[in-house]
Amino acid sequence: MNVFEQALLNTLMGMGTVFAVLIFISLLISLFVYIPSIERALKNRSSKKEKKAAQEERPAPKRPILEEVVEEEELVDDGELVAVITAAIMAANGGAAVSADKLIVRSIKRVKRR
């Protein structure tokens with residue numbers, strides 16, 4: 001075998017290796033379509049296990065402690081704050097007559113002054 005034939009075989013071997021690797025990479029990339037479904041299946045499986053573990057570990061409901069009830073009463077007894085919030089809601093409604101019993105405050109946000 002002369003030098004020319006050896007160089008030709010080396011070239012063909014190198015090109016064949018490159019094409020084989022390129023085909024492998026293209027097959028690998030074509031499998032990326034299935035990754036989201038596999039990820040969802042794994043997430044669903046882990047969430048089911050977590051829910052099951054949470055249900056097994058859930059403690060029995062506790063009776064309210066007397067101190068907790070007292071703290072809630074102290075929050076409700078703040079008459080000035082309730083009056084200010086009620087007045088603000090009435091002003092926001094344009095002074096429409098709404099009884100204070102029907103008002104429900106879900107959140108209070110601080111407004112920056114200009």
Side-chain angles (χ1 to χ4, degrees):
M1 208 182 325
N2 64 17
V3 177
F4 181 72
E5 290 175 354
Q6 187 67 31
L8 184 63
L9 285 175
N10 285 343
T11 303
L12 290 176
M13 179 80 80
M15 289 176 68
T17 304
V18 168
F19 279 113
V21 170
L22 288 174
I23 290 170
F24 174 73
I25 290 173
S26 69
L27 289 174
L28 187 66
I29 290 173
S30 69
L31 294 176
F32 282 2
V33 174
Y34 302 107
I35 290 176
S37 61
I38 294 171
E39 185 178 1
R40 263 187 261 118
L42 291 175
K43 192 179 289 186
N44 287 340
R45 184 182 303 163
S46 66
S47 67
K48 286 180 183 177
K49 287 180 182 178
E50 289 173 2
K51 286 180 183 177
K52 195 173 192 179
Q55 288 176 353
E56 291 174 358
E57 296 177 7
R58 184 175 296 157
K62 298 179 181 178
R63 291 185 173 180
I65 301 173
L66 184 59
E67 294 175 22
E68 292 177 6
V69 174
V70 171
E71 288 179 10
E72 289 179 11
E73 289 176 5
E74 289 175 8
L75 292 177
V76 175
D77 289 340
D78 196 1
E80 290 181 18
L81 182 60
V82 172
V84 169
I85 292 173
T86 305
I89 293 171
M90 295 297 241
N93 286 338
V98 177
S99 68
D101 295 337
K102 293 184 180 181
L103 296 177
I104 299 173
V105 178
R106 299 194 196 279
S107 67
I108 299 173
K109 296 181 182 177
R110 184 174 294 245
V111 178
K112 293 181 181 178
R113 294 186 181 183
R114 295 181 188 177

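Numbering starts at 1 and runs along the sequence shown.
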Sole candidate of R45, E39, R40 that passes side chain to side chain contact (heavy atoms under 4.5 Å, CB included) when paired with L42:
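Among R45, E39, R40, the one that satisfies the side chain to side chain contact (heavy atoms under 4.5 Å, CB included) with L42 is R45.
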Contact between N10 and Q6 at the side-chain level, heavy atoms closer than 4.5 Å - yes or no?
yes
Give a yes or no on whether V21 and I29 share a hydrophobic cluster (residues Ile, Leu, Val, Met, Phe, Trp, Tyr; joining criterion: side-chain heavy atoms under 4.5 Å apart).
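Same hydrophobic cluster.
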From T17 atom OG1 to L12 atom CG, the distance as rounded to the nearest 0.5 Å:
10.5 Å
